[in-house]
Amino acid sequence: KIALAHAGIEGIEHTGSVSNVAEAVEQAAGPDIVICDMALDGKEACNLVHSIRHNAIGRNPFVCVIGITWTPTASEVTRVIDCGVDHLVSAPLSPEQILTRIRALVRQRAPFVVTSEYIGPDRRKLRREASKVPLFTVPNSLKEKASGSWDPGRFDREIEDAIGDLNTRRVDRQAEDIMILAGVIADQAITRGDGFKANVSRLHGMVREMDRAASNQGFFHVSELCRACVGIVEEIRESGGYDVQKDIELLKQLGRAIRTALDPDNKSNKIAHDIAQTVSGSR
(Lines give C-alpha, C1' and ligand atoms only; values in the text may rest on other atoms or scores of the structure.)
Protein backbone atom coordinates (compact mmCIF):
# COMPACT_ATOMS: atom_id res chain seq x y z
CA LYS A 1 0.00 0.00 0.00
CA ILE A 2 2.83 2.37 0.84
CA ALA A 3 4.56 1.71 -2.49
CA LEU A 4 1.33 2.25 -4.43
CA ALA A 5 0.64 5.47 -2.58
CA HIS A 6 4.16 6.74 -3.27
CA ALA A 7 3.62 5.95 -6.95
CA GLY A 8 0.66 8.35 -6.97
CA ILE A 9 -2.18 5.84 -6.71
CA GLU A 10 -4.97 7.20 -4.53
CA GLY A 11 -8.06 5.83 -2.82
CA ILE A 12 -6.51 2.48 -1.92
CA GLU A 13 -8.78 0.17 0.07
CA HIS A 14 -7.62 -3.03 1.73
CA THR A 15 -9.68 -6.05 2.78
CA GLY A 16 -9.21 -9.71 3.61
CA SER A 17 -12.65 -10.77 2.43
CA VAL A 18 -13.99 -11.72 -1.01
CA SER A 19 -17.44 -10.44 0.00
CA ASN A 20 -15.98 -6.98 0.64
CA VAL A 21 -14.41 -6.97 -2.80
CA ALA A 22 -17.77 -7.97 -4.30
CA GLU A 23 -19.43 -5.06 -2.48
CA ALA A 24 -16.77 -2.65 -3.76
CA VAL A 25 -17.24 -3.61 -7.42
CA GLU A 26 -21.01 -3.17 -7.04
CA GLN A 27 -20.58 0.50 -6.18
CA ALA A 28 -21.34 3.13 -8.83
CA ALA A 29 -17.75 4.37 -8.64
CA GLY A 30 -16.14 0.94 -8.51
CA PRO A 31 -12.40 0.27 -8.42
CA ASP A 32 -10.12 0.89 -11.37
CA ILE A 33 -7.98 -2.09 -10.44
CA VAL A 34 -8.29 -5.10 -8.14
CA ILE A 35 -5.08 -6.63 -6.76
CA CYS A 36 -6.01 -9.90 -5.14
CA ASP A 37 -4.48 -12.91 -3.39
CA MET A 38 -6.11 -15.71 -5.37
CA ALA A 39 -6.13 -17.97 -2.27
CA LEU A 40 -8.39 -15.51 -0.47
CA ASP A 41 -11.35 -17.15 1.30
CA GLY A 42 -10.42 -20.67 0.30
CA LYS A 43 -9.65 -19.71 -3.31
CA GLU A 44 -13.06 -18.09 -3.81
CA ALA A 45 -11.27 -15.16 -5.44
CA CYS A 46 -11.21 -17.02 -8.78
CA ASN A 47 -14.99 -17.43 -8.69
CA LEU A 48 -15.32 -13.72 -7.95
CA VAL A 49 -13.15 -12.69 -10.92
CA HIS A 50 -15.04 -15.12 -13.17
CA SER A 51 -18.35 -13.58 -12.03
CA ILE A 52 -17.04 -10.06 -12.66
CA ARG A 53 -15.89 -10.94 -16.17
CA HIS A 54 -19.25 -12.56 -16.99
CA ASN A 55 -21.04 -9.44 -15.74
CA ALA A 56 -22.76 -11.38 -12.93
CA ILE A 57 -21.21 -9.15 -10.23
CA GLY A 58 -20.40 -5.48 -10.41
CA ARG A 59 -20.92 -2.73 -12.94
CA ASN A 60 -17.70 -3.11 -14.92
CA PRO A 61 -16.73 -6.56 -16.24
CA PHE A 62 -13.57 -5.01 -17.69
CA VAL A 63 -11.99 -3.78 -14.44
CA CYS A 64 -8.23 -4.42 -14.36
CA VAL A 65 -7.28 -7.42 -12.18
CA ILE A 66 -3.86 -8.51 -10.94
CA GLY A 67 -3.82 -11.90 -9.23
CA ILE A 68 -1.23 -13.06 -6.72
CA THR A 69 -0.50 -16.74 -6.08
CA TRP A 70 1.69 -18.41 -3.47
CA THR A 71 1.52 -21.80 -5.22
CA PRO A 72 2.44 -21.26 -8.90
CA THR A 73 1.94 -24.87 -9.99
CA ALA A 74 0.84 -25.52 -13.56
CA SER A 75 -2.71 -26.35 -12.47
CA GLU A 76 -2.97 -23.30 -10.25
CA VAL A 77 -1.65 -20.95 -12.95
CA THR A 78 -4.16 -22.37 -15.44
CA ARG A 79 -7.00 -22.04 -12.92
CA VAL A 80 -6.22 -18.41 -12.20
CA ILE A 81 -5.62 -17.39 -15.83
CA ASP A 82 -8.86 -19.08 -16.89
CA CYS A 83 -10.91 -16.95 -14.49
CA GLY A 84 -9.92 -13.82 -16.45
CA VAL A 85 -7.15 -11.97 -14.58
CA ASP A 86 -5.01 -9.52 -16.55
CA HIS A 87 -1.75 -10.49 -14.86
CA LEU A 88 -0.61 -13.19 -12.46
CA VAL A 89 2.30 -12.57 -10.07
CA SER A 90 3.99 -15.20 -7.89
CA ALA A 91 4.58 -14.39 -4.24
CA PRO A 92 6.72 -13.44 -2.44
CA LEU A 93 6.96 -10.35 -4.59
CA SER A 94 8.34 -6.83 -4.59
CA PRO A 95 6.26 -3.65 -4.89
CA GLU A 96 8.04 -2.95 -8.17
CA GLN A 97 6.61 -6.13 -9.68
CA ILE A 98 3.09 -4.86 -8.99
CA LEU A 99 3.91 -1.37 -10.24
CA THR A 100 5.34 -2.84 -13.47
CA ARG A 101 2.07 -4.68 -14.11
CA ILE A 102 0.05 -1.56 -13.38
CA ARG A 103 2.12 0.43 -15.89
CA ALA A 104 1.55 -2.31 -18.47
CA LEU A 105 -2.21 -2.12 -17.90
CA VAL A 106 -2.06 1.61 -18.54
CA ARG A 107 0.19 1.48 -21.59
CA GLN A 108 -0.52 -1.81 -23.36
CA ARG A 109 -3.35 -3.78 -21.83
CA ALA A 110 -4.10 -6.99 -23.72
CA PRO A 111 -7.33 -7.00 -25.75
CA PHE A 112 -10.18 -9.22 -24.58
CA VAL A 113 -11.45 -12.43 -26.09
CA VAL A 114 -14.90 -13.94 -25.62
CA THR A 115 -15.72 -17.63 -25.94
CA SER A 116 -18.71 -19.54 -24.61
CA GLU A 117 -16.80 -20.24 -21.37
CA TYR A 118 -14.04 -17.63 -21.08
CA ILE A 119 -14.15 -13.84 -20.98
CA GLY A 120 -10.96 -11.95 -20.34
CA PRO A 121 -7.58 -10.84 -21.69
CA ASP A 122 -6.16 -12.86 -24.57
CA ARG A 123 -3.71 -14.88 -22.49
CA ARG A 124 -4.88 -18.45 -23.07
CA LYS A 125 -2.03 -19.36 -25.39
CA LEU A 126 -1.99 -23.08 -24.66
CA ARG A 127 -5.71 -23.86 -24.79
CA ARG A 128 -7.13 -21.57 -27.45
CA GLU A 129 -9.85 -22.92 -29.68
CA ALA A 130 -8.94 -24.00 -33.19
CA SER A 131 -11.00 -21.28 -34.85
CA LYS A 132 -9.85 -17.68 -34.89
CA VAL A 133 -11.63 -15.81 -32.10
CA PRO A 134 -11.86 -12.02 -32.71
CA LEU A 135 -10.26 -9.75 -30.10
CA PHE A 136 -11.58 -6.39 -28.94
CA THR A 137 -10.34 -3.45 -26.89
CA VAL A 138 -12.27 -2.82 -23.67
CA PRO A 139 -12.82 0.37 -21.62
CA ASN A 140 -9.99 1.02 -19.18
CA SER A 141 -10.68 3.54 -16.40
CA LEU A 142 -7.18 3.00 -14.99
CA LYS A 143 -5.63 4.22 -18.26
CA GLU A 144 -8.01 7.15 -18.60
CA LYS A 145 -7.35 8.42 -15.08
CA ALA A 146 -3.59 7.94 -15.47
CA SER A 147 -3.60 9.88 -18.75
CA GLY A 148 -5.89 12.65 -17.48
CA SER A 149 -8.66 11.91 -19.98
CA TRP A 150 -11.22 10.67 -17.45
CA ASP A 151 -14.84 11.53 -18.27
CA PRO A 152 -17.34 9.61 -16.06
CA GLY A 153 -20.34 10.13 -18.34
CA ARG A 154 -18.51 9.07 -21.47
CA PHE A 155 -16.97 6.09 -19.68
CA ASP A 156 -20.39 4.87 -18.51
CA ARG A 157 -21.60 4.98 -22.11
CA GLU A 158 -18.51 3.09 -23.25
CA ILE A 159 -19.11 0.42 -20.60
CA GLU A 160 -22.73 0.02 -21.68
CA ASP A 161 -21.74 -0.33 -25.34
CA ALA A 162 -18.91 -2.75 -24.52
CA ILE A 163 -21.17 -4.96 -22.38
CA GLY A 164 -23.63 -5.14 -25.27
CA ASP A 165 -20.78 -6.11 -27.58
CA LEU A 166 -19.54 -8.70 -25.08
CA ASN A 167 -22.97 -10.32 -24.75
CA THR A 168 -23.44 -10.43 -28.52
CA ARG A 169 -20.05 -12.07 -28.97
CA ARG A 170 -20.83 -14.60 -26.24
CA VAL A 171 -24.15 -15.66 -27.76
CA ASP A 172 -22.46 -15.89 -31.16
CA ARG A 173 -19.74 -18.15 -29.76
CA GLN A 174 -22.35 -20.27 -27.99
CA ALA A 175 -24.24 -20.70 -31.26
CA GLU A 176 -21.06 -21.78 -33.04
CA ASP A 177 -20.18 -24.21 -30.23
CA ILE A 178 -23.68 -25.70 -30.46
CA MET A 179 -23.21 -26.31 -34.19
CA ILE A 180 -19.87 -28.02 -33.52
CA LEU A 181 -21.20 -30.15 -30.66
CA ALA A 182 -24.27 -31.08 -32.71
CA GLY A 183 -21.93 -32.46 -35.35
CA VAL A 184 -20.06 -34.52 -32.75
CA ILE A 185 -23.35 -35.90 -31.42
CA ALA A 186 -24.47 -36.75 -34.96
CA ASP A 187 -21.35 -38.90 -35.44
CA GLN A 188 -21.81 -40.54 -32.03
CA ALA A 189 -25.46 -41.29 -32.81
CA ILE A 190 -24.37 -43.32 -35.83
CA THR A 191 -21.58 -45.23 -34.10
CA ARG A 192 -23.18 -45.20 -30.62
CA GLY A 193 -19.82 -43.92 -29.45
CA ASP A 194 -18.85 -43.25 -25.87
CA GLY A 195 -19.89 -39.94 -24.45
CA PHE A 196 -23.12 -39.59 -26.44
CA LYS A 197 -25.37 -39.11 -23.41
CA ALA A 198 -22.86 -36.84 -21.70
CA ASN A 199 -22.61 -34.64 -24.80
CA VAL A 200 -26.39 -34.44 -25.14
CA SER A 201 -26.60 -33.31 -21.50
CA ARG A 202 -23.84 -30.79 -22.14
CA LEU A 203 -25.67 -29.53 -25.22
CA HIS A 204 -28.86 -29.15 -23.18
CA GLY A 205 -27.04 -26.94 -20.69
CA MET A 206 -25.48 -24.90 -23.50
CA VAL A 207 -28.74 -24.10 -25.26
CA ARG A 208 -30.46 -23.16 -21.99
CA GLU A 209 -27.57 -20.86 -21.09
CA MET A 210 -27.67 -19.31 -24.56
CA ASP A 211 -31.40 -18.70 -24.13
CA ARG A 212 -30.74 -16.94 -20.81
CA ALA A 213 -27.94 -14.81 -22.26
CA ALA A 214 -30.02 -13.83 -25.30
CA SER A 215 -33.00 -12.87 -23.12
CA ASN A 216 -30.82 -10.77 -20.79
CA GLN A 217 -29.42 -8.92 -23.79
CA GLY A 218 -32.89 -8.25 -25.19
CA PHE A 219 -32.38 -10.53 -28.21
CA PHE A 220 -35.90 -11.94 -27.90
CA HIS A 221 -35.97 -13.12 -31.52
CA VAL A 222 -32.74 -15.01 -30.81
CA SER A 223 -34.19 -16.34 -27.55
CA GLU A 224 -37.10 -17.82 -29.52
CA LEU A 225 -34.61 -19.72 -31.67
CA CYS A 226 -32.81 -20.84 -28.50
CA ARG A 227 -36.03 -22.22 -27.05
CA ALA A 228 -36.54 -24.17 -30.28
CA CYS A 229 -33.04 -25.61 -29.72
CA VAL A 230 -33.95 -26.57 -26.14
CA GLY A 231 -37.03 -28.42 -27.39
CA ILE A 232 -35.00 -30.39 -29.93
CA VAL A 233 -32.32 -31.37 -27.41
CA GLU A 234 -34.94 -32.49 -24.89
CA GLU A 235 -36.50 -34.64 -27.62
CA ILE A 236 -33.11 -36.21 -28.33
CA ARG A 237 -32.63 -36.96 -24.62
CA GLU A 238 -36.07 -38.55 -24.31
CA SER A 239 -35.57 -40.70 -27.41
CA GLY A 240 -32.29 -42.05 -26.10
CA GLY A 241 -30.51 -40.96 -29.25
CA TYR A 242 -32.36 -43.10 -31.77
CA ASP A 243 -33.30 -41.66 -35.16
CA VAL A 244 -31.87 -38.25 -34.25
CA GLN A 245 -30.34 -37.29 -37.59
CA LYS A 246 -33.26 -35.00 -38.45
CA ASP A 247 -33.06 -33.29 -35.07
CA ILE A 248 -29.28 -32.90 -35.31
CA GLU A 249 -29.58 -31.25 -38.73
CA LEU A 250 -32.24 -28.90 -37.32
CA LEU A 251 -29.85 -27.97 -34.51
CA LYS A 252 -27.12 -27.12 -37.00
CA GLN A 253 -29.51 -24.96 -39.01
CA LEU A 254 -30.75 -23.23 -35.85
CA GLY A 255 -27.16 -22.49 -34.84
CA ARG A 256 -26.56 -20.82 -38.20
CA ALA A 257 -29.86 -18.94 -37.90
CA ILE A 258 -28.92 -17.66 -34.44
CA ARG A 259 -25.58 -16.33 -35.68
CA THR A 260 -27.33 -14.64 -38.60
CA ALA A 261 -29.97 -13.16 -36.28
CA LEU A 262 -27.22 -11.49 -34.22
CA ASP A 263 -26.18 -9.32 -37.20
CA PRO A 264 -27.24 -5.77 -36.22
CA ASP A 265 -27.70 -4.84 -39.88
CA ASN A 266 -29.94 -7.81 -40.51
CA LYS A 267 -33.66 -7.11 -39.87
CA SER A 268 -34.14 -10.69 -38.82
CA ASN A 269 -36.74 -10.57 -36.04
CA LYS A 270 -39.56 -11.88 -38.23
CA ILE A 271 -37.26 -14.34 -40.00
CA ALA A 272 -36.09 -15.75 -36.66
CA HIS A 273 -39.71 -16.09 -35.53
CA ASP A 274 -40.68 -17.86 -38.76
CA ILE A 275 -37.73 -20.27 -38.45
CA ALA A 276 -38.60 -21.11 -34.85
CA GLN A 277 -42.22 -21.73 -35.80
CA THR A 278 -41.21 -23.89 -38.73
CA VAL A 279 -38.94 -25.98 -36.50
CA SER A 280 -41.69 -26.41 -33.91
CA GLY A 281 -44.10 -27.55 -36.61
CA SER A 282 -41.65 -30.03 -38.08
CA ARG A 283 -41.13 -32.00 -34.89
Side-chain angles (χ1 to χ4, degrees), residues 1-27 29-115 117-128 135 137-147 159 166:
K1 286 178 64 177
I2 293 173
L4 293 175
H6 284 172
I9 298 176
E10 302 175 346
I12 303 171
E13 296 185 17
H14 177 266
T15 180
S17 167
V18 164
S19 62
N20 288 344
V21 180
E23 290 176 6
V25 298
E26 288 284 4
Q27 301 301 313
D32 303 304
I33 184 170
V34 175
I35 303 172
C36 188
D37 184 341
M38 302 311 291
L40 191 64
D41 284 354
K43 299 187 177 181
E44 282 299 310
C46 268
N47 292 335
L48 174 69
V49 175
H50 181 274
S51 296
I52 290 173
R53 292 295 187 233
H54 285 74
N55 201 32
I57 295 178
R59 298 171 179 267
N60 179 9
F62 314 110
V63 61
C64 297
V65 180
I66 296 177
I68 299 171
T69 180
W70 293 81
T71 55
T73 61
S75 60
E76 177 67 3
V77 169
T78 297
R79 186 181 74 90
V80 174
I81 287 178
D82 282 355
C83 77
V85 299
D86 287 275
H87 292 288
L88 177 61
V89 184
S90 298
L93 55 104
S94 68
E96 185 58 31
Q97 286 177 281
I98 294 293
L99 290 172
T100 297
R101 270 62 174 192
I102 293 175
R103 295 186 192 105
L105 289 170
V106 170
R107 297 171 183 168
Q108 50 186 13
R109 187 184 190 187
F112 269 42
V113 62
V114 176
T115 72
E117 298 177 350
Y118 173 80
I119 298 173
D122 182 36
R123 299 192 58 210
R124 307 205 322 166
K125 305 301 183 184
L126 299 180
R127 296 172 54 194
R128 291 294 304 279
L135 307 179
T137 301
V138 299
N140 185 349
S141 61
L142 182 69
K143 176 179 181 178
E144 292 195 6
K145 290 182 179 180
S147 63
I159 286 289
L166 183 153

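Scope of the values below: all heavy atoms of this structure, side chains included, with no hydrogens, waters or symmetry mates.
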Close side-chain approach of [X] to [Y], heavy-atom, < 4.5 Å:
{"X": "Asp37", "Y": "Trp70", "result": "yes"}
{"X": "Ile159", "Y": "Phe62", "result": "yes"}
{"X": "Val63", "Y": "Val65", "result": "yes"}
{"X": "Cys46", "Y": "Val80", "result": "yes"}
{"X": "Leu4", "Y": "Pro95", "result": "no"}
{"X": "Lys143", "Y": "Arg107", "result": "no"}

Looking at every heavy atom in both [X] and [Y], which two are closest together, and how far apart are they?
{"X": "Cys36", "Y": "Leu40", "answer": "SG-CD2, 4.2 Å"}
{"X": "Gly16", "Y": "Asp41", "answer": "O-OD1, 3.8 Å"}
{"X": "Cys83", "Y": "Val49", "answer": "O-CG1, 3.5 Å"}
{"X": "Cys64", "Y": "Leu105", "answer": "CB-CD1, 3.8 Å"}

What pairs meet the salt bridge (charged side-chain N to carboxylate O under 4.0 Å, His left out) rule with one or both residues in residues 52-67, with sequence neighbours excluded?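 Only Arg53-Asp86 qualify under salt bridge (charged side-chain N to carboxylate O under 4.0 Å, His left out).
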Out of curiosity, [X] [atom1] to [Y] [atom2], how far, rounded to the nearest 0.5 Å?
{"X": "Asp122", "Y": "Arg109", "atom1": "CG", "atom2": "CZ", "value": "12.5 Å"}
{"X": "Ile33", "Y": "Ile102", "atom1": "CD1", "atom2": "CD1", "value": "4.5 Å"}
{"X": "Leu142", "Y": "Ile9", "atom1": "CG", "atom2": "CD1", "value": "7.0 Å"}
{"X": "Ile81", "Y": "Thr69", "atom1": "CD1", "atom2": "OG1", "value": "10.5 Å"}
{"X": "Leu48", "Y": "Met38", "atom1": "CG", "atom2": "CE", "value": "8.0 Å"}
{"X": "Gln97", "Y": "Ile68", "atom1": "CD", "atom2": "CD1", "value": "9.5 Å"}

Kindly say whether [Y] contributes a backbone atom to a donor-acceptor pair with the side chain of [X] at under 3.5 angstrom?
{"X": "His54", "Y": "His50", "result": "yes"}
{"X": "Thr71", "Y": "Thr73", "result": "no"}
{"X": "Glu26", "Y": "Gly58", "result": "yes"}
{"X": "Glu144", "Y": "Asn140", "result": "no"}
{"X": "Asn55", "Y": "Pro61", "result": "no"}

Working for side chain to side chain contact (heavy atoms under 4.5 Å, CB included), residues Val25 and Asn60: CA-CA 8 Å; Val25 298; Asn60 179 9; over 6 Å; no
Taking it one step at a time, do Val113 and Tyr118 satisfy side chain to side chain contact (heavy atoms under 4.5 Å, CB included)? CA-CA 8 Å; Val113 62; Tyr118 173 80; 3.5 Å; yes
Take a 6.0 Å sphere around CD of Glu10 and say whether it holds more than 12 heavy atoms from other residues, nucleotides or ligands.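 No, because the 6.0 Å sphere around CD of Glu10 holds 12 heavy atoms or fewer from other groups.
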Side-chain donor-acceptor pair under 3.5 Å between Ser17 and Ser19, yes or no?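 A pair is found: one side chain offers a donor N or O, the other an acceptor, under 3.5 Å apart.
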In chain order, what residues pass the ring-ring contact (aromatic ring centres under 6.0 Å, His included) check against His87, with sequence neighbours excluded?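 By the ring-ring contact (aromatic ring centres under 6.0 Å, His included) rule, His87 matches no residue at all.
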Answer yes when Glu13 and Lys1 have at least one side-chain N-carboxylate O distance shorter than 4.0 Å, and no when they do not.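 Looking at Lys1 together with Glu13, the answer is no, because their closest N to O distance does not fall below 4.0 Å.
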Out of the candidates Val85, Val34, Val89, Leu88, only one should pair with Ile66 under the side chain to side chain contact (heavy atoms under 4.5 Å, CB included) rule; please name it.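 Of the listed options, the one satisfying the test is Val89.
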